[in-house]
Amino acid sequence: MASAITIPNRTLSKIKNVIPLEQPLLMKGKVIHGYGRGSKLLGIPTANIPTDPYEHELSTMEMGVYIGFAKLNNPSMNSLDSSLDSSSQINSLMNPSMNSSENTKIDKQLEQHTKNNIFKTVIGIGDNPQFQNIKKTIEPHLLHEFDKDFYDANLEIVICGYIRPYFKFNSLEELIETMHKDIFIGKEALDVEPFINAKNLLL
């Protein structure tokens with residue numbers, strides 16, 4: 001049953017501040033326009049996919065912030081900018097004392113993760129109470145800087161961990177700060193087992 005697949009396994013201890021799912025969950029769809037808040041209001045763009053094929057999963061899974069990997073299948077995206085990665089930018093902000101060898105190590109990790117157009121991803125799933133959404137959404141934020149939009153591209157995601165539930169913040173600034181923390185947590189967790197193993201489901 002989908003409910004068994006998408007339940008965070010609370011019998012396990014958190015790993016890197018993330019609860020593993022009992023089993024990874026696969027979703028896919030063409031990238032569609034969302035509410036337009038990710039890039040313009042929050043500075044954190046998302047690649048939304050349609051929810052209609054996943055009505056059952058959305059009715060049984062916990063709403064909140066998840067982590068996983070995303071595979072972008074779009075022949076026209078050959079000019080992806082692999083020189084920048086939002087997770088590395090956040091890592092630099094939170095670790096300003098990193099030396100050149102540490103930066104080189106991160107660059108090599110990014111090269112590996114972007115091979116085959118597979119990217120670390122933090123996914124918001126549900127009816128976001130901050131904006132009082134009427135309809136539930138699936139909003140992956142790919143941890144990579146792209147040089148152009150890719151609406152209508154085919155996106156496959158595998159969801160493997162759960163960070164936190166959705167809740168309403170006291171201010172937009174508090175929401176943005178928490179979202180950046182979610183991204184940092186996801187970036188760190190997806191480098192270790194069991195989460196990193198989920199990437200193989202997209203190869």
Side-chain angles (χ1 to χ4, degrees), residues 1-10 14 17-72 86-87 90 119-144 146 149-187 189-190 195 198:
M1 293 178 61
S3 58
I5 293 174
T6 55
I7 291 175
N9 192 340
R10 301 186 187 280
K14 284 187 175 183
N17 296 306
V18 178
I19 302 174
L21 300 192
E22 291 186 0
Q23 295 181 42
L25 173 65
L26 288 164
M27 292 181 171
K28 62 181 179 180
K30 286 187 178 295
V31 176
I32 60 174
H33 289 270
Y35 292 102
R37 294 187 292 249
S39 296
K40 297 176 182 178
L41 184 63
L42 305 173
I44 301 174
T46 59
N48 296 20
I49 60 173
T51 57
D52 291 346
Y54 303 105
E55 288 184 0
H56 177 67
E57 286 82 353
L58 294 176
S59 69
T60 58
M61 67 193 299
E62 294 187 35
M63 302 297 97
V65 181
Y66 291 79
I67 66 168
F69 292 94
K71 183 175 184 178
L72 185 59
S86 60
S87 60
I90 292 169
F119 307 95
K120 294 178 180 179
T121 305
V122 175
I123 310 111
I125 296 179
D127 47 354
N128 195 322
Q130 188 72 27
F131 301 104
Q132 299 179 333
N133 292 354
I134 297 175
K135 185 178 179 180
K136 293 177 180 177
T137 56
I138 303 170
E139 305 183 54
H141 169 64
L142 281 59
L143 304 191
H144 184 85
F146 296 93
D149 293 333
F150 47 90
Y151 293 113
D152 294 324
N154 294 312
L155 190 70
E156 299 176 67
I157 61 174
V158 55
I159 303 169
C160 56
Y162 178 77
I163 297 179
R164 63 171 177 85
Y166 270 158
F167 43 83
K168 185 175 176 59
F169 293 88
N170 294 322
S171 67
L172 189 61
E173 290 73 21
E174 186 180 354
L175 168 62
I176 293 172
E177 180 181 356
T178 302
M179 292 176 71
H180 280 288
K181 288 179 180 177
D182 294 336
I183 292 169
F184 183 75
I185 288 171
K187 182 257 178 186
L190 289 166
F195 308 116

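Reckoned from all heavy atoms, side chains included, excluding hydrogens, waters and symmetry mates.
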Participant: Can you find a pair of side-chain heavy atoms, one from Lys120 and one from Ile67, that are under 4.5 Å apart?
Facilitator: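 Sidechains of Ile67 and Lys120: no contact.
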Participant: Roughly how far, to the nearest 0.5 Å, is the CD1 atom of Ile123 from the CD1 atom of Ile159?
Facilitator: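 With rounding to 0.5 Å, CD1 (Ile159) is 5.0 Å from CD1 (Ile123).
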Participant: Return the minimal non-hydrogen interatomic distance between Val158 and Pro24, and the atom names on each side.
Facilitator: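 Closest heavy-atom pair between Val158 and Pro24: CG2-CB, 3.7 Å.
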Participant: If I take atom CE from residue Met27 and atom CD1 from residue Ile138, how far apart are they, to the nearest 0.5 angstrom?
Facilitator: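 Going from the CE atom of Met27 to the CD1 atom of Ile138 covers 4.0 Å.
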Participant: Donor-acceptor pairs under 3.5 angstrom involving side-chain atoms of residues 172-179: please list them, not counting sequence neighbours.
Facilitator:
| unit_1 | atom_1 | unit_2 | atom_2 | d |
| --- | --- | --- | --- | --- |
| Glu174 | OE1 | Asn170 | N | 3.3 |
| Thr178 | OG1 | Glu174 | O | 2.9 |

Participant: Can you measure from CD (Glu55) to OG1 (Thr51) and round to the nearest 0.5 angstrom?
Facilitator: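 That separation rounds to 6.5 Å.
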Participant: How long is the span from the NZ atom in Lys30 to the CG atom in Asn154, to the nearest 0.5 Å?
Facilitator: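 Going from NZ on Lys30 over to CG on Asn154, the span is 4.0 Å.
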Participant: How far apart are the closest heavy atoms of Thr137 and Glu139, and which atoms are they?
Facilitator: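 Looks like OG1-OE2, 2.6 Å.
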Participant: Indicate the atoms forming the closest heavy-atom contact of Lys136 with Leu58, along with that distance.
Facilitator: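 Heavy atoms only, the tightest pair is NZ-O, 3.0 Å.
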Participant: Side-chain contact test, heavy atoms from C-beta onward, threshold under 4.5 Å: evaluate it for Val65 versus Tyr166 and give yes or no.
Facilitator: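 Yes, their side chains come closer than 4.5 Å.
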Participant: Check the pair Cys160, Leu190 against side-chain contact (heavy atoms from CB on, under 4.5 Å), reporting the backbone distance first and the verdict last.
Facilitator: CA-CA 9 Å; Cys160 56; Leu190 289 166; 3.9 Å; yes
Participant: Which heavy atom of Ile163 sits nearest to which heavy atom of Gly186, and what is that distance?
Facilitator: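 Reported closest heavy-atom pair: CD1-N, 4.3 Å.
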Participant: Residues two or more places apart in sequence or in another chain: which of them pass ring-ring contact (aromatic ring centres under 6.0 Å, His included) with Tyr162?
Facilitator: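 By the ring-ring contact (aromatic ring centres under 6.0 Å, His included) rule, Tyr162 matches Tyr66.
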Participant: Can you label the angle between the His144 ring and the Phe119 ring as parallel, tilted or perpendicular, going by 30° and 60°?
Facilitator: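 Answer is tilted, since the angle falls between 30° and 60°.
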Participant: Closest approach of Thr121 and Leu143, non-hydrogen atoms and distance?
Facilitator: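 Shortest heavy-atom contact: N-CG, 4.3 Å.
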Participant: Determine, step by step, whether Asn17 and Arg164 satisfy the side-chain contact (heavy atoms from CB on, under 4.5 Å) criterion, reporting the C-alpha distance in whole Å, the side-chain angles of both residues, the deciding distance to 0.1 Å, and the verdict.
Facilitator: CA-CA 9 Å; Asn17 296 306; Arg164 63 171 177 85; over 6 Å; no
Participant: If the condition is side chain to side chain contact (heavy atoms under 4.5 Å, CB included), which residues does Lys71 pass it with, not counting sequence neighbours?
Facilitator: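 Counting only residues at least two positions away or on another chain, Lys71 forms a side chain to side chain contact (heavy atoms under 4.5 Å, CB included) with Asn73, Ile118, Glu156, Leu202.
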Participant: What is the minimum heavy-atom distance between Leu142 and Ala47, and which atoms define it?
Facilitator: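 Leu142 and Ala47 have their closest heavy atoms at CD1-CB, 4.3 Å.
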Participant: Would you confirm whether Tyr54, through its side chain, and Lys28, through its main-chain N or O, come within 3.5 Å as a donor-acceptor pair?
Facilitator: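 At least one qualifying donor-acceptor pair exists.
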